[in-house]
Amino acid sequence: MLSELSKRIMGRIGVFLCDCPFSPLNKTDVEELLVAVRRSPEVAYAGLHPDICLSPAPEKVAGVIAENGLEAAVFTSCSSSLHKDAFASLTSAAGLAPNQFEVVDFSELIDGKEAAESLIEAVEHLAAESTAARPAFEASLPITRRALIIGGGVAGIQAALDIADAGYEVYLVERNSSIGGHMLQYAEVFPTLDCPQCIMTPKMVEVGQHPNIKLRTYSEVEQVSGQVGNFTVRIRRKAAYVDWTKCTGCGECAGVCPVEVYSEYERGITAQKAIYKPFGQAVPAVFTVEKSGISPCRIACPAGVNAQGYIALISKGKFQEALELVRQTMPFAGVIGRVCTHRCETDCERKNVDEPMSIRNLKRFIADYELKAGREKAVPVEKTKEEKIAVLGSGPAGLACAYDLVRKGYPVTVFEAMPMTGGLLRYGIPEYRLPKDVLDNEIDYIRELGVEIKTNSPVRDLKQLFTSGYQAVFLGTGAWVSQKVGISGENTPGVMHAIDFLKRVNSGEKISLGQRVVVIGGGNAAVDAARTARRLGAGEVTIVYRRSRDEMPAESSEVDEAENEGVKLHILAAPMKVLGQGGKVTGVECLRMELGEPDESGRRRPVPVKGSEFTLDVDNLIVAIGQSVDKAGLPGELACSERGTISADPVTLETNMPGVFAGGDAVSGPADVIGAIAAGKEAAESIDRYLTGMDLRQGRPQKRQKVEEVSREGVPLKPRVAMPMLDLKQREGSFAEVELGLDEETAMAEAGRCLNCAGCCECRSCEAACERRAIDHEMIDTYEELEVGAIVVATGFELTPKKAISEFAEDPDILDGIQFERVLAPGGANAGVVLRPSDGRSPKEVVFISCVGSRDPEHGVPYCSRVCCMYLAKQAMLYKHAVPDGQAYIFYMDTRSTGKGYEEFIQRAVEEDGVLYLRGRVSKVFRDADKLKVWGADTLTGKKIELSCDLVVLAMAMVPNPAGVELMQRLGIKTDIHGFITEFHYKLRPLEVSIPGIYIAGTAQGPRDIPDSVAQGSGAASKVLALFSAREPTPEKVEAS
Amino acid sequence: MRIQISSRSLQSDFVKKVAEISGQDLLACNQCGKCSAGCPMCFAMDLLPNQIIRLAQLGLEDDIAAANTVWLCASCFTCTARCPRGVDLGRVMEAIRLVTLRKNVDYVDASSIPVETTGELPQIALVSGFRKHTA
Amino acid sequence: MDLSYYPGCTLKTKAKDLEDSAIACMDVLGIRLVEIERWNCCGTVYSLAEDDLAHHLAPVRNLIRVKEQGGDRVGTLCSFCYHTLKRANMLMRDDSEKRKTLNDFMEEEIDYDGEVEVVHLLEVLRDEIGWENIAAKVKVPLQGLKVAPYYGCTLLRPQEVAIDQVERPTIMHRLMESLGAEAVDFPYATECCGSFQIVRNPDSIAQRAWEILSSALRRGAEAMVVTCPLCHFNLSQRQTELTQKYSDFNGLPVFYFTQLLAIALGIDEKACHFELNYGQPLALLRSKKLVA
């Protein structure tokens, strides 16, 4: 495509055809080609030159250029990449501006027509470029003599040391928290059987301590810009949540961490803690926390209780610590553990496996555990503040607010109108759901911390509070007024309203009910009233609800238990009129409903069915259709909403009166307990900010990052534990608690089902254990920018996942090569004692399978993975050394043992360790009871082989590290279709890539063994050093990538 | 056992025919043995499937004819599904069978099957059996 | 909803149990199987010879019937028919030269370019109805029944015809679970039963049947469920001699997936034609209180 804007070079291009044995052109072809190109108006000269790369041709060419005043040249050549530099020097020596030439490879000249097209295209390309548009490379730019090495495996380490030893500064960036790479995972390396940890540790320590090496582990390269000699690099330093300047690597933190996560180093053979040092010889020798956001349960909880945290602690038997963790947020583990609406369970990731975690019941367990053992009196919190705070209402909202404020050092007084504390927790929820001793215990705890609670103390006049010295007020007065249905006869004696009814029962009043009781409503209050009525002796209790059972707002398990206890449900009916006689209620006239269109709440509207009246005979009627706020009890100046609730800012909870905050049912209308607790906490935060003169809105609501993806792979199905319930017979006439609670064993088993979505659960046990105070859970990623002159890419390899070849079953005793290294390694799970992962027994027959996923164009990669033949032989030998009475088999196609001493090594395996080589690929591996069946072939004898063995090791294909491939794509470095980095010239320039100044080393380029990677590391280093030693940087043509 | 091979034997009519009928590149097979390792019928075969294709590569028609392998093949396509080189060995087996069958040499004779059996067998068994074992 | 249905020769006689139970089930599930008119035998196997076109005529003619009769899809029950029709259809779609030759040869027929889609009934159950909907219609949950799903070859290989993952299929497992049964996974679920070798080499079939049945038994199966009439025959009919040969083998009932589906949907067992099955499949169902 010719650009219209550029100046055309007319009649100033020369075409030089090379005549050498490699040229595909014969005499006639040459004639035709010359004729064709001479037709272009831009071409001033076209000629054939023998051996154009060899003297005296270049001189001749230079002469031609000069004589004809040429400004650009097209050459044909056997290999443009090899000869580019030669042509560059030639043309510049001949006086042409830099890069004013094109090279057409012989491969493009084979077809006559296409050959002419290629040449003319090259001519036109040159013609279109105006020399003015392309500035010449500035040869006088100073270069930064600092190197960046990406990847801290064996190749990167070698390169870093070589460059650093030569006196230049090196930045070594490694994405894991320690350098070392895969080599540090192996048990012993072939053919020397050296211990890799032993031979590498000195090198790694040298890297860590070298004055010229800046080690940046747990970091990634985000961006590279610029060019050879002057690259600008942006590095992201991931938050390790541990201050490495303080960490000594002592490991106390890991000792107390309750969460286990997948260990990349152990590759699944054993787990590691969420705070970990990857292996004993890690450099740097420090700990890192693996944390990927906040788990869904924590995000769902409006109060922010750390469910993942306390469940992790329960799973390890640390019940008191678990309770302490809950208490960091709120004091009602026992109460909430019984009555919460558990939004956490609704969002629990475990539900996508089988069933959600029993988060609520586990919370109750730890509260009961402490209560049973006997709770130590709480230590009063020191009052460090002077400002007095008044809290109105000792329900969950008020007490949660007081709890947070007293812990901040404020003097808090709670004013409670009723004779006893707790609000609806005591007066609304029946004893069989929430025993009073549980509630009392938790309120006592709050008192012991120093909160003053005054019962029988209603407050009407807020202004009076301020004049008597209080500086802020929280209104948590709730919604206690029972809503009326608004039908005639509602005031007939014998008709009660749920809250009044429950209040009286919970106050210890003896209420006698008739035999037949009808409860109107479908919420928790209605069900509570119905089940209470049954316990008070009513034989026939019916709940009448105007919508369907599924739409009842009450907790469905409550409705189930009500039915179990003999409560009848009369759905799709609504009361029309209360019937009375002799001053007492005798019945209620109802009308059947059917469900119509949805209303604003989204629930289907009940529509009366004409003519469907019916009457229920009753001795008592209890109305439970909802509660509202007692407007009369509120100060006149306080602004209220249309619904009659207190108006408060949704974020700061401020009311229209300065210094007065409100939350809970008083603001929202009837809602759940945890919502009230959350409101109390928010109000406490607001009050603290208000009293210290801080902005009330900043940073609120707090933005929290939910964990994005949670792996459910390999999680065995296990339903959640059932809550033991009180026998139905024993419930009759009794208010004994119905849900009996979990025992220790069940609780720990249930807690073990948790997926630990976020990794670290932020229980902060590590923080408490760290004597150096090195742990900082608020750390964020930081960024570093630096200037470097050269980059070495050594990002390494990974193995194809086993499940890519699906005829091999997924089984704990079928391992890949690196997993088996961990089994063999003296530093591994069993200190080098070879045991089967499934049952811990010693495997007596082990089968090693070569070429899994490699040499397999149909299902995997077509290439040979190069190192597997050697490491399988090594692993078979090491296995035999560990299990002398064991037998190893290796299925192979060929044995590729091309290095020094490699063939002899294989022979040792066969002759000294009795390894049986069977020539054939394996078709299928599956489990048969406690054995693994392997179906292979021995093509040498022409037999199909069936083996029953104890353990199988698969030599999975080596592929480039996916993180490295992704980085190459971002940096614009060419890779082949498998993701291996493409070298500048396969044969002669294997350490360079298409972009000058960037060099490669190690398995990122292709499968190879350790000596080759180390040699390449040094080779790449020498390239860098050559660049750094140059007086002037040579102009290099930057290829379009 | 000594055999003579030459470029002529490698390009024999037999080899050409098998390649043509099967549509497969016989040389794509590198004798890894995975087909034999997974073949459900090889317990009853004289030679393994991979040996048959090897003999076909070498043009050794008589050795193939002397073995019962291709006749015991059940066309289950396990080999086809698992071959790393993408060789459809099921088609190669069929092609080798057809080379014989098209010479009017049947592997199964209808009269040899007992009447009770023919009465019992589902139609698909009879039809497929005859499709595979007769011309 | 109507679905064009191709029965194939075996379903009408030897495998009436498969057909009748299938039709009854699909009725309950809301799909009417409409048998196409003037269908012919599909040939049972797909010709694997590159130079053979004659044997493709039979399956292609059936596809033409479907097209002529206004259908764009045809459902099959027999695994062999599914395989043959599916591959012949793909040939007509992908190979323009052979398509032209075949269409030209069948000048008396309308041209066919692969417009019809070939599906197996299991695919229809999974994709059109869905396991949850099937579970919702279950009247007699097959509780306590440990059944091993056996897939055979022709529904899964080669990859181009596969109705599920080639090495680890789960479609029948899911169906059994939706019926309330316990699906017993076993390693021989996709291993060939020996197929047409029953004609010429019946002893080899006994060997294969033994390997497959004993593998399922070792994993705790009480029954096997299959899709293909030939698998059914090969796995059941040899059981008499196997019980004699292996003293601790007492037989393993083999069901068609549609028979179990019918029982679970509460359809009368007469539609299942258990009298056509070897052994005592009803006895097992009775012991589990799944039939009277």
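Worth saying up front: this structure is predicted, and the values here are computed from it rather than measured. In what follows, every chain begins at residue 1, and chains take the letters A, B, ... in the order their sequences are listed.
Heavy-atom neighbours of A:Glu713 CD from other residues, nucleotides or ligands within 6.0 Å: at or below the threshold of 12. Enclosure of atom NZ in A:Lys844 by more than 12 non-hydrogen atoms of other residues, nucleotides or ligands within 6.0 angstrom is indicated. Residue A:Lys943 qualifies as open at atom NZ: its count of foreign heavy atoms under 6.0 Å is 12 or below.
Annotation: maximal heavy-atom pairing with chain B below 4.5 Å, among A:Met893, A:Lys924, A:Glu807, occurs at A:Glu807.
Close approach to chain A, defined as a heavy atom under 4.5 Å from one of its heavy atoms, is seen in B:Ala37, B:Gly38, B:Cys39, B:Cys42, B:Leu48, B:Asn50, B:Gln51 of residues 37-58 of chain B, taken by number. Heavy-atom proximity under 4.5 angstrom to chain A picks out B:Asn30, B:Gln31, B:Cys32, B:Gly33, B:Lys34, B:Ser36 from residues 12-36 of chain B. Within residues 70-90 of chain B, the residues having any heavy atom under 4.5 Å from a heavy atom of chain A are, by residue number, B:Ala81, B:Arg82, B:Cys83, B:Pro84, B:Arg85, B:Gly86.
Remark: A:Tyr871 pairs with no residue by the ring-ring contact (aromatic ring centres under 6.0 Å, His included) rule, at least two apart or across chains.
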